[in-house]
Amino acid sequence: MKYYVTTSIPYVNGEPHLGHAMEFLMADVLARAARKRGDETLFSTGTDEHGGKIAEKAAELKMTPQALADQMSQKFRDLVTALNVRPDRFIRTTDKGHEQRAQLIWKAISKDVYKNKYVGWYCTGDEEFFTETVVKENNGVCPDHNRPYEKIEEENYFFRLSKYNRQILEAIESDALLIIPETRKNEILSLLRSGLEDISISRPKDKIDWGIPVPGDKTQVMYVWLEALLNYITVLGYPENENFKKFWPADVQVVGKGIIRFHAAIWPGILLSLGLPLQKALYVHGYITIDNKKMSKSLGNVVSPAEIIDKYGADAFRYYFLRHIPSYGDGDFSWPAFEVSYNNELANELGNAVQRTLAMIQKYQNGLIGDMPDAQHDSSGYYEALQEYRFDRALDEVWEQVRGLNQYIDIEKPWAIAKTGDEDHLREVLAYQAGCLLEIADLLEPFMPDTSAKIQAIFNEGIVRPLETTLFPKFETSSKE
RNA sequence: GGCACCAUAGCUCAGCUGGUUAGAGCGCAGGACUCAUAAGCCUGAGGUCGGUGGUUCGAGCCCACCUGGUGCUACCA
């Protein structure tokens with residue numbers, strides 16, 4: 001079996017934030033889980049780098065757009081590395097290969113492309129046109145970017161999205177293109193039922209120069225959103241590369257709730273025009289708030305992922321965002337909540353379970369573990385949760401086992417057995433504990449790869465091998481203003 | 001305006017096609033223990049399941065309306 005998973009590619013107009021981090025993590029878990037079960041796996045992510053906004057910002061900073069894109073793309077790459085996220089591909093839309101292949105795609109969909117005049121209100125911040133109503137509601141100023149909408153009249157190429165409306169609708173209704181969670185599916189269905197309009201897919205080059213040229217028309221560049229979507233197949237080497245033939249269609253594409261329209265309507269439209277199968281699934285995650293407030297620079301509540309990782313480590317970061325941000329909804333980050341979770345669940349429950357088991361085996365048996373039983377627990381709930389992209393519940397299942405182990409230890413009281421001198425029984429109990437920890441480590445592998453490897457290293461060899469450092473050292477809870 | 005969703009212990013949430021005393025985690029209180037990162041384990045207190053009316057032998061789960069909140073989407077002028 002092959003498995004292809006993608007994230008959306010972040011636009012490089014801002015610093016990487018917690019939302020980007022979480023999306024990387026979710027795709028990483030899916031990819032690691034797929035590799036673990038033996039699938040030939042390709043996990044792709046990257047950065048989206050063209051468009052007027054980048055050009056504008058580069059000009060402000062007196063940089064070339066390319067230099068700005070280089071610098072920003074690297075920050076996302078650094079975040080990926082810091083999170084211990086391991087994509088097989090990191091595509092940049094300024095990669096030559098992407099640009100060339102995007103142009104091939106343009107030609108391939110040309111039967112569905114026509115030129116027309118477009119008049120509308122445009123926000124450079126969103127790279128998007130808005131309806132008259134929206135503009136009026138916001139008194140002519142885009143609320144997300146705090147800048148006035150511009151009235152633009154221009155010649156654009158249009159894509160006949162309307163032509164594929166029915167096919168897209170049917171694919172989603174039938175779950176041929178599975179959208180998860182269901183509320184997101186319903187949203188997109190109502191959009192599709194109300195009818196899709198053709199969309200503008202180019203911009204005049206004299207307005208926006210920083211983009212991929214439209215083949216055969218020197219006056220136009222591709223609309224950045226269109227071209228960014230194409231990364232999902234250009235990264236595979238569309239149309240001729242073996243990887244493309246092997247890995248497309250994607251098994252799942254991970255995106256945030258703000259961009260489902262692009263991924264559940266426009267992108268499928270392009271694929272249909274190309275005569276390609278649609279992605280099999282679209283998993284839509286929510287947004288993260290900080291202290292229950294939308295994160296924003298003006299509120300000054302931005303928490304950088306690096307700040308958390310530096311202090312607590314990648315696995316603790318992965319753990320919190322995968323377990324405590326609801327997989328099917330929005331979630332919240334706060335330092336106190338993070339620290340409580342870290343100290344109680346990682347240090348006390350898991351870390352200490354490892355420590356007490358390790359210590360007793362050393363103390364009572366000179367480190368010799370004895371025969372460990374094979375995995376004893378029913379982990380079907382964990383696998384079902386993973387199957388449904390419920391990362392939070394999958395980790396709940398693992399923690400059921402962690403708690404179960406601590407209970408077992410308190411019921412059996414190996415320290416009391418040690419006093420009776422019943423060595424066989426003691427060895428049996430301690431080996432069972434170690435076996436449980438290996439089982440837990442196995443389940444944790446996609447979520448917390450380092451922790452998993454450390455636990456395995458301790459108990460894997462029949463004789464315990466203690467770590468040099470504590471698994472999850474406790475921290476004083478700091479209250480940050 | 002339309003469509004959809006949500007409102008359950010102090011907090012975050014589970015509750016499948018309606019069926020005995022409504023659950024978990026956190027937080028809080030108490031207890032027994034000592035292998036361990038003063039960790040872990042046990043017990044307990046806490047809910048008229050947003051409101052009103054209805055269907056039913058029986059509703060947190062169904063229906064109507066109301067209140068409050070969220071998402072998607074639209075339009076007259």
Side-chain angles (χ1 to χ4, degrees), chain A residues 130-137 172 179 181-197 256-262 264-265 284-287 289 291-292 294 316 320 323-334 336-365 381 384-385 390 392-393 395-400 402-420 426 429-430 432-434 436-437 458 464 466-467 469-477:
Chain A
F130 291 89
T131 63
E132 194 81 14
T133 317
V134 171
V135 173
K136 277 194 179 165
E137 265 173 18
I172 294 173
I179 298 181
E182 194 149 10
T183 60
R184 301 301 166 200
K185 172 177 164 180
N186 292 336
E187 276 174 20
I188 208 71
L189 283 176
S190 79
L191 177 76
L192 289 165
R193 286 179 186 132
S194 72
L196 295 173
E197 290 178 11
K257 67 179 184 178
I259 55 175
I260 30 181
R261 230 159 34 97
F262 294 96
V284 184
H285 67 257
Y287 288 157
T289 54
D291 297 322
N292 287 308
K294 197 174 164 183
Y320 182 86
R323 183 170 188 205
H324 292 296
I325 304 296
S327 302
Y328 283 7
D330 296 337
D332 188 61
F333 169 86
S334 71
F338 183 91
E339 285 161 353
V340 164
S341 156
Y342 177 92
N343 281 332
N344 290 0
E345 295 155 12
L346 294 180
N348 293 347
E349 292 183 332
L350 177 60
N352 188 52
V354 169
Q355 186 58 37
R356 64 200 302 212
T357 298
L358 165 64
M360 285 190 277
I361 293 172
Q362 285 183 303
K363 186 168 174 177
Y364 302 137
Q365 297 176 170
E384 279 165 27
R390 295 191 190 226
D392 51 354
R393 290 202 180 175
L395 283 169
D396 286 346
E397 293 287 332
V398 178
W399 251 256
E400 281 299 311
V402 175
R403 287 165 179 276
L405 173 58
N406 277 319
Q407 287 166 351
Y408 173 84
I409 296 171
D410 274 75
I411 289 168
E412 292 294 334
K413 299 182 178 57
W415 54 91
I417 301 174
K419 284 175 187 156
T420 69
L426 180 61
V429 168
L430 293 178
Y432 177 80
Q433 291 178 217
C436 286
L437 286 167
I458 295 171
V464 291
L467 297 173
T469 56
T470 310
L471 205 53
F472 294 104
K474 286 189 80 165
F475 285 85
E476 292 299 313
T477 49

Is the phosphate of A39(B) approached by Lys474(A) (side-chain N or O, under 4.0 Å from OP1 or OP2)? yes

Determine the interatomic distance between C1' on U34(B) and the same-named atom on C42(B); round to the nearest Å. 15 Å

Does a side-chain N or O of Arg261(A) approach OP1 or OP2 of U73(B) to a distance below 4.0 Å, or not? yes

When you measure from the side-chain N and O atoms of Arg403(A) to the phosphate of C26(B), is any distance below 4.0 Å, counting only OP1 and OP2? yes

Counting any heavy atom closer than 4.0 Å, what does Ala347(A) reach on the DNA or RNA strands: base, sugar-phosphate only, or nothing? base

Quantified in whole Å, what is the C1' atom distance between nucleotide G53(B) and nucleotide U21(B)? 28 Å

Quantified in whole Å, what is the P atom distance between nucleotide A59(B) and nucleotide G54(B)? 12 Å

For Phe472(A), report the nucleic acid contact type (base, sugar-phosphate, nothing); a contact means any heavy atom under 4.0 Å. base

Hey, does Gln407(A) reach any base, or is it just sugar-phosphate, or nothing, if we go heavy atoms under 4.0 Å? sugar-phosphate

Given that both distances must come in under 3.5 Å, which nucleotide forms a Watson-Crick or G-U wobble pair with A9(B)? none

Does the base of A36(B) carry an N or O that pairs as donor and acceptor with the side chain of Asn352(A) under 3.5 Å? yes

Inter-nucleotide C1' distance (G60(B), G50(B)), Å rounded: 12 Å

Going by the angle between their ring planes, with limits at 30° and 60°, are Phe338(A) and Phe333(A) parallel, tilted or perpendicular? tilted

Short side-chain N/O contact from Asn348(A) to OP1 or OP2 of U37(B), under 4.0 Å: no

Keeping the roles fixed (side chain from Asn406(A), backbone from Ala353(A)), state whether a donor-acceptor pair exists under 3.5 Å. no

With rounding to the closest Å, how many angstrom separate the P atoms on G44(B) and A22(B)? 15 Å

Please state the C1' separation for the pair C6(B) and A77(B) - nearest whole angstrom. 33 Å

With a 4.0 Å limit, can you tell me whether Asn406(A) has a side-chain N or O closer than that to the phosphate oxygens OP1/OP2 of A36(B)? no

Return yes if the base of G40(B) and the side-chain atoms of Asp410(A) contain a donor-acceptor N/O pair under 3.5 Å, otherwise no. yes

Hey, can you tell me if Tyr342(A) and Phe472(A) have their rings parallel, tilted or perpendicular (30° and 60° cut-offs)? perpendicular

Quote, to the nearest angstrom, the P distance that separates U52(B) from C61(B). 13 Å

Using the P atom in both, what is the distance from U43(B) to A24(B), to the nearest Å? 10 Å

Walk me through it: do Leu350(A) and Glu345(A) pass the test side-chain contact (heavy atoms from CB on, under 4.5 Å)? CA-CA 6 Å; Leu350(A) 177 60; Glu345(A) 295 155 12; over 6 Å; no

Taking the side chain from Asp330(A) and the backbone from Gly286(A), do they hold a donor-acceptor pair closer than 3.5 Å? no

Does G71(B) fall in syn (glycosidic angle within 90° of 0) or anti? anti

